[in-house]
Amino acid sequence: MFDNAKDVAVLYDSDPALGFLFIAAPLMVAAGLPAWWVLGATVRWLDKRRDKDIGELARDAAAVVKDVRGGL
C-alpha cells in the first residue's frame, strides 16, 4: 500500500514522501487516539475529585474497579 501511494504521488508530480505521509498520517492518528481518550478520562475523573485527599481518591478508584469487575 505504501509503495502504491508513493507511485501515485509521483504520477501527480509530487514528492514520493508525500504519498507515504498520505497513508501513514491517518494510521498514526488512529493509533494515538486511545491514549488521548484515556488521558482525557483520567483528567476528568481527577477534576471531579478536586477537593479530595489521596486516601479518598484511592477509595474512589477501588470502588470503580469493584464496579467494573462486578459488571463482567
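Computed from a prediction, not measured in an experiment: that's the story for all the values here. The basis for the numbers below is simple: all heavy atoms, side chains too, and nothing from hydrogens, waters or symmetry mates.
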- Over 12 non-hydrogen atoms of neighbours within 6.0 angstrom of CD1 in Ile54: no

- With Asp60 via salt bridge (charged side-chain N to carboxylate O under 4.0 Å, His left out) - residues at least two apart: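 For Asp60, the residues satisfying salt bridge (charged side-chain N to carboxylate O under 4.0 Å, His left out) (neighbours in sequence not counted) are Arg49, Lys52.
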
- Side chains of Leu57 and Trp45: does their closest heavy-atom pair fall under 4.5 Å?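 Counting from C-beta outward, Leu57 and Trp45 do come under 4.5 Å.
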
- Query: How far apart are the closest heavy atoms of Gly19 and Ala5, and which atoms are they?
  - Reply: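 The answer is O-CB, 3.3 Å.
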
- Same hydrophobic cluster for Phe22 and Tyr12, using side-chain heavy-atom links shorter than 4.5 Å among ILVMFWY? no

- Ile23, Val10: one ILVMFWY side-chain cluster at the under-4.5 Å cut-off? no

- Query: So how far is it from Leu33 CG to Met28 CE, rounded to the nearest 0.5 Å?
  - Reply: 12.5 Å

- Task: Check step by step if salt bridge (Lys or Arg N to Asp or Glu O under 4.0 Å) holds for Arg50 and Asp47.
- Result: CA-CA 5 Å; Arg50 179 177 294 182; Asp47 190 47; 2.2 Å; yes

- Message: Taking side-chain contact (heavy atoms from CB on, under 4.5 Å) as the definition, give me every residue that meets it alongside Arg59, ordered by chain and number, with sequence neighbours left out.
- Response: Glu56

